[in-house]
Amino acid sequence: MAEYNKKTVEDVSVAGKRVLVRVDFNVPLDKERNITDDTRIVGALDTIRYLADHKARVILVSHLGRPKGGFEDKYSMKPAAQRLSELLGKPVALAADVIGPDAKAKAAALADGDVMLLENVRFHAEEEKNDPAFAKELASLAEIYVNDAFGTAHRAHASTEGVAKCLPAVCGFLIKKEIGVMGKALSDPKRPFVAILGGAKVSDKIAVIENLLDKCDCVIIGGGMAYTFLKAQGLGIGKSLCEDDKIGLAKGLIEKARAKSVRFILPKDVKVAREFSNDSEAKTVPADGIPDGWMGLDVGPGTMAEFADIIKGAGTVVWNGPLGVFEFPNFAEGTRFVAKALADSGAITIIGGGDSAAAVEQMGFADRMTHISTGGGAALEFLEGKTLPGIAALQNA
Ligand code: AMP
């Protein structure tokens, strides 16, 4: 399993040095290109402020959206530079390019404590190809590299992995927290250690379940993927989501849990609907009584009570994936109930990014969790025990 003990910005001398910082400013924008949620920019402020306060010359680099590999105005970092400038209360220069003459001139002109932002690093197709020459050019702008973009740490790109090979490379405070909290949960959790896994597909979560079965005391399954497990136990699931080709695997996971004495909890009642729609006719039925022609879209009250009971007694809880179709208000109750149970519990609570992070934020419980991961895919790969190349490339402490 990937355990990381990496040097941080506090372990290197940054005064007077040009420091290239990979941040995740991949913020959502509306049609007028206003930022609709600046959480990711706010998340990088600790590292940026620390560097500026310690007289570094800060050069930020990020991607935004999915440009096709050349300049596109709609993917410019301009809104992010403006928002960052407001948050820092000082100017943030935006380079017109990434490794071009403007970036070089603006980087050379930085004074101690200044902050600038490069244009979208994905305006170069070489970024996602982890092109060594491009990484070297990027590195030539600075003397130290800091990675604070957890959301892209699972990708070996030029600005995450390639550049870390060219400069002394350390992590920022955001990555430090991500690997600290999630790393501790996986290596030395406060017990009982409970994993709650939901979401649409078993296939997306198999590797996480496999890895967590070696570490957890209890695995709770909800969401669309629960029905493949229920079918694996011989129950009828009507029109519920099911991956028939994963039934064998689901059986295997249930057996593995039994062999390891890990409690494996499936819904005992579910809220079923006639159609995949918020306004569908709906009712609660026992998990072994799902009628033909109906589909399970949320967990039922008996299941919620059982989940809440387990959460109450937990020392650590990791949660990834909603327990029902939470986008439909009529089928969001299970997800809300679990979010509230986590908020009310004394356990270390870790939300593994993606839809469950969005749900916790939407429902107003965000500030009552120990940690909400800023990376969906990266958090999943971390929980799978995979090595994250953007972190592995940083210097060990
Ligand atoms: P994932 O990206 O795998 O975490 O899945 C999240 C998606 O799973 C959300 O869009 C939910 O609406 C969906 N989901 C959760 N429960 C169910 C269910 N019982 N049936 C269908 N989709 C579900």
Side-chain angles (χ1 to χ4, degrees), residues 151 154 195-212 219-233 235-244 246 249-250 253 265-291 293-304 307 317-339 342 350-363 372-384:
H154 59 315
I196 306 173
L197 299 167
K201 287 169 139 190
V202 187
S203 43
D204 289 346
K205 307 280 161 80
I206 290 165
V208 180
I209 301 173
E210 286 264 11
N211 190 38
L212 291 179
V219 174
I220 290 175
I221 305 282
M225 71 174 178
Y227 300 93
T228 302
F229 286 96
L230 293 174
K231 194 165 175 186
Q233 296 202 308
L235 304 185
I237 57 166
K239 286 197 297 184
S240 306
L241 215 60
C242 184
E243 288 169 88
D244 282 315
K246 296 291 177 303
L249 248 162
L253 290 170
I265 311 288
L266 292 168
K268 56 178 171 193
D269 57 357
V270 294
K271 190 169 176 188
V272 292
R274 278 222 190 261
E275 291 150 37
F276 191 77
S277 130
N278 183 50
D279 304 319
S280 166
E281 184 190 351
K283 59 183 177 181
T284 299
V285 296
D288 60 1
I290 300 176
W294 292 68
M295 63 182 86
L297 296 186
D298 198 4
V299 291
T303 303
M304 290 182 221
F307 288 4
V317 186
V318 170
W319 178 26
N320 183 288
L323 298 170
V325 184
F326 77 108
E327 298 91 337
F328 296 159
N330 289 337
F331 300 97
E333 190 51 31
T335 302
R336 177 177 297 105
F337 194 88
V338 162
L342 286 182
I350 300 170
I351 314 301
D355 273 332
S356 19
V360 163
E361 265 153 36
Q362 236 176 58
M363 293 169 179
I372 300 179
S373 179
T374 54
L380 260 191
E381 291 200 14
F382 194 93
L383 296 174
E384 286 170 13

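One-based numbering, in listed order, for ligands and for the atoms of each.
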Peer 1: Given I350 and W319, is the side-chain contact (heavy atoms from CB on, under 4.5 Å) satisfied, shown in steps?
Peer 2: CA-CA 6 Å; I350 300 170; W319 178 26; over 6 Å; no
Peer 1: Is there a side-chain contact between M363 and R336, using heavy atoms and a 4.5 Å cut-off?
Peer 2: yes
Peer 1: With atoms numbered from 1 as shown, which atoms in ligand 1 lie under 4.0 angstrom from a non-hydrogen atom of G296?
Peer 2: 18 (C), 19 (N), 20 (N)
Peer 1: Who's closest to atom 5 (O) of ligand 1 heavy-atom-wise, of C242, G223, A200?
Peer 2: A200
Peer 1: Quick one: does Y227 get within less than 4.0 Å of ligand 1, heavy atoms only?
Peer 2: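 Distance cut 4.0 Å: Y227 passes for ligand 1.
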Peer 1: Taking only heavy atoms of G199 into account, list the atoms of ligand 1 that are under 4.0 Å away from them.
Peer 2: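 What qualifies from ligand 1 is 1 (P), 3 (O), 4 (O), 5 (O), 6 (C), 8 (O).
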Peer 1: Under 3.5 Å, is there a donor-acceptor pair between the T303 and D269 side chains?
Peer 2: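 Short answer, yes.
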Peer 1: What protein heavy atom lies closest to atom 16 (N) of ligand 1? Include the residue and the distance to one decimal.
Peer 2: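 The closest heavy atom on the protein side is G224 N, 3.0 Å.
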Peer 1: Evaluate salt bridge (charged side-chain N to carboxylate O under 4.0 Å, His left out) for K268 paired with D288, printing each intermediate quantity in order.
Peer 2: CA-CA 8 Å; K268 56 178 171 193; D288 60 1; over 6 Å; no
Peer 1: Hey, are E243 and T228 close enough side-chain-wise for a donor-acceptor pair under 3.5 Å?
Peer 2: no
Peer 1: To check your reading of the model: name the closest protein heavy atom to atom 22 (N) of ligand 1, its residue, and the distance in Å.
Peer 2: V325 CG2, 3.6 Å
Peer 1: In this structure, does ligand 1 have an atom that sits under 4.0 Å from one of the heavy atoms of K205?
Peer 2: yes
Peer 1: Of L266, L235, I221, I290, which is the lone residue that meets side-chain contact (heavy atoms from CB on, under 4.5 Å) with Y227?
Peer 2: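 Among L266, L235, I221, I290, the one meeting side-chain contact (heavy atoms from CB on, under 4.5 Å) with Y227 is I290.
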Peer 1: Sort out for me which residue in I237, V272, V270 forms a side-chain contact (heavy atoms from CB on, under 4.5 Å) with W294.
Peer 2: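 Single pass found, and it is V272.
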Peer 1: Looking only at protein heavy atoms, which one is nearest to atom 15 (C) of ligand 1, and what is the separation?
Peer 2: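 Checking every protein heavy atom, the shortest distance to atom 15 (C) of ligand 1 gives G324 O, 3.1 Å.
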Peer 1: Might you confirm whether atom NZ of K239 has over 12 heavy atoms from other residues, nucleotides or ligands at distances under 6.0 Å?
Peer 2: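 Check passes, neighbour count above 12.
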Peer 1: Please say whether F326 places an N or O atom under 3.5 Å from an N or O atom belonging to ligand 1.
Peer 2: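 Between F326 and ligand 1 (N or O atoms, distance only) the closest approach is not under 3.5 Å.
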Peer 1: Starting from atom 12 (O) of ligand 1, find the nearest protein heavy-atom neighbour and note its residue, name and distance.
Peer 2: E327 OE1, 2.6 Å
Peer 1: Give the residue and atom name of whichever protein heavy atom lies nearest to atom 7 (C) of ligand 1, and the separation in Å to one decimal.
Peer 2: D355 OD2, 3.8 Å
